[in-house]
Amino acid sequence: MSTRVTELAKELELSIEDVTSHLQDLGVAVPGAATMIDVDTAQMMRELFGKKVEGGKYVEIPAGSTVKDLATAMGIAASDVQKKLMSMGVLAAVNQRLSPDAARKLASIYGFEVRIKIEARPDAPVAAPKPKHKSPGGGPTPRPPVVTIMGHVDHGKTTLLDAIRKTKVVEGEFGGITQHIGAYQVEVEHEGEKRKITFLDTPGHAAFTAMRARGASVTDIAILVVAADDGIMPQTIEAIHHAQAADVPIIIAINKIDKPDANPDRIKTQLTEHNLVPREYGGDVECVNVSAKMKTGLDDLLEYVLFQADVMELKADSHAKPTGVIVEAKQEIGRGAVSTVLVEQGTLRVGDSVVCGLAHGKVRAMMNERGERLNKATPATPVEIIGLNIVPSAGDKLEAVKDERTARTTAEHRQQLQRTNRLASSRRVTLEDIATRIRDGEVKELKLIIKGDVQGSVEAVIGQLQQIEVEEVRMRVLHSGVGNIGENDIMLASSTDSIVIGFNVKVDSQAQAAAEREKIDVRTFNIIYELTESVERAMKGMLAPIYEEFALGKATVRATFRTPKGVIIAGCYVTEGKITRNAQVRVIRNKEVIHTSKIDSLKHIKEDVKEMAQGFECGIVIADFTDVKEEDTIEAFEMRQIERK
Ligand code: GDP
């Protein structure tokens, strides 16, 4: 039975916010307080934060402990524990890591309760409380609002973002040449003051939801674009729901007002049907007529954004410990992981040691959207940073820590946590599996770790892979490097659901063992074309095998028997082809299929047989079916994997 976040919080006597943040540290997406948490994760949370059982025997072990660690904690020889496991039919090495569930079961044999602890390190953000809006350094001060533009396709989101950027971006030394980094800031005059607004420039609510799914609620205000000549459309409604679910205030931009058939009044009426009552109708929703194309109405729109921001009293403390959220990130040749961070609290500086999701590093350089180098970034400022060891995911939290060592150990600790959590479910991630999940629309991303013999070939491989364009599916190179595939690569893949790809390199023996243990797909290639083709096919969801039905034969039921145990045997005569022991079957009565399953047993006289050919009699037991009758036809078939063309 799964549990809601709210229920779990109550049970563990923690705030919903704390539970959410801990779950996210375990790599679990928590879009809202009503999210259902599966049994294993809930149990893990109980073990992490549950109360000590009064009077009971009790051991505390770190996540990812081995058989030996647990034995030591219980004061029992590891070899004894191993023998005990063997007597239960489990062959385990003493240094085998235990999933929380396994640790609990094993300990319970010896009458112990297990509590799994997250090691407390100074500065370790793993279990650190969310930043509070106060610090000794100066306290919170007003910060720019962060705005997302949402709306139906073709209603003008991109045009509006461009128009705002072109008219309002402070022209810098670089002549205002801007690049897409996922967010930008504009400066506006408001009540005689120069004020900044930050725009997330990935339009559409997909990005918004993806970030929220990771618990990042960076958007303060949503601008909902509605084309005046088109009105409220399905994605408009979806966007309204997303914003409302996130409790983000909405400002309506009625766009394309320049068009002759623009009808803003109709839109205002439509809005009321979705609980958005325009101010003119006595409600509190601001509607602004704009034309993104003619660049009219933009000042009014931005004014309202700032009014709204003032009402919300958005504040942040630029002296607090620096934290931020990843807006987008990619691997770039020659620069490594390039990530756009939106600073939330504190002031991020070049040289800061940071951890970010499963990544860590030092901020080596910081750029704004005009490519200008910055030394520091204050709250609500979007900056592109380089220096992380792997590419983080959008929505990952970035936190500055004391030093590089803390950053590295924290990231490693998280990877380990995620791995142990993942091992419990132990799903093998293969290129085929990912392909199937892409085809089913379950995943939209193929994560890769790439190793090559020399830097040049690594770059060539990445360069080639980046040429692959598949609609709606993204490829992300989490990590790349020169040298053989090692255990570290496997461990990283394991904690991130990635595939490891090698070009002109070998897999060292420890890595081989780790790959088997962690069920990681490792592919090595010597021909670049074969490499790119495999990846492309996976991204197109094409690697998944296709099966086709292949008819085997038919039999007619002539009599039925019931064994003393209640099993129903159909006495049959094979009329066509053959019936095989492993076949799938369909039972047909009056030309209708009444049951489909497989054969449980196939006998000729009293002997089990593998198959029975046309013209022979046999006894068939059909799985999960007792209603077989005389005159029924049994059709046998099998599913065969066929080659893709
Ligand atoms: P998105 O899919 O919401 O990002 O929409 P786009 O920004 O790509 O705009 C879709 C189409 O509408 C483009 O052809 C734009 O030129 C056009 N468009 C956007 N804003 C306006 C506007 O204010 N007036 C007119 N007439 N056309 C617009």
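Just follow the structure's listing: the first ligand is 1, and inside any ligand the first atom is 1.
For His152, every heavy-atom contact with ligand 1 shorter than 4.0 Å involves the backbone, none the side chain. Within the 4.0 Å heavy-atom criterion, both parts of Asp154, backbone and side chain, lie near ligand 1.
Aromatic ring centres of Phe199 and Tyr184: separated by under 6.0 Å.
Scanning both residues, Ala183 and Leu200, for their nearest heavy atoms gives CB-CD2, 3.9 Å.
At least one N or O atom of Ala292, backbone or side chain, sits closer than 3.5 Å to an N or O atom of ligand 1. Between Asn255 and ligand 1, a contact under 3.5 Å exists for at least one N or O pair.
In the vicinity of Asp258, heavy-atom distances shorter than 4.0 Å reach the ligand 1 atoms 22 (C), 23 (O), 24 (N), 25 (C), 26 (N). Annotation for ligand 1: atoms under 4.0 Å from non-hydrogen atoms of Val153 are 2 (O). If you number the atoms of ligand 1 from 1 as listed, the ones under 4.0 Å from a heavy atom of Lys259 come out as 26 (N).
Listed by chain and residue number, Ser318, Arg349, Lys376, Thr378 satisfy the side-chain contact (heavy atoms from CB on, under 4.5 Å) test with Thr347 (two or more places apart in sequence, or in another chain). With sequence neighbours excluded, no residue forms a side chain to side chain donor-acceptor pair (under 3.5 Å) with Gln270.
Checking Ile149, Ile257, Val225, Thr158 against atom 8 (O) of ligand 1, the nearest heavy atom belongs to Thr158. Of all the listed residues (Met150, Lys157, Lys256), Lys256 holds the heavy atom that lies closest to atom 11 (C) of ligand 1.
Side chain of Asp352 to main chain of Val354: no donor-acceptor pair is present (N/O by atom type, distance under 3.5 Å, no hydrogens or angles).
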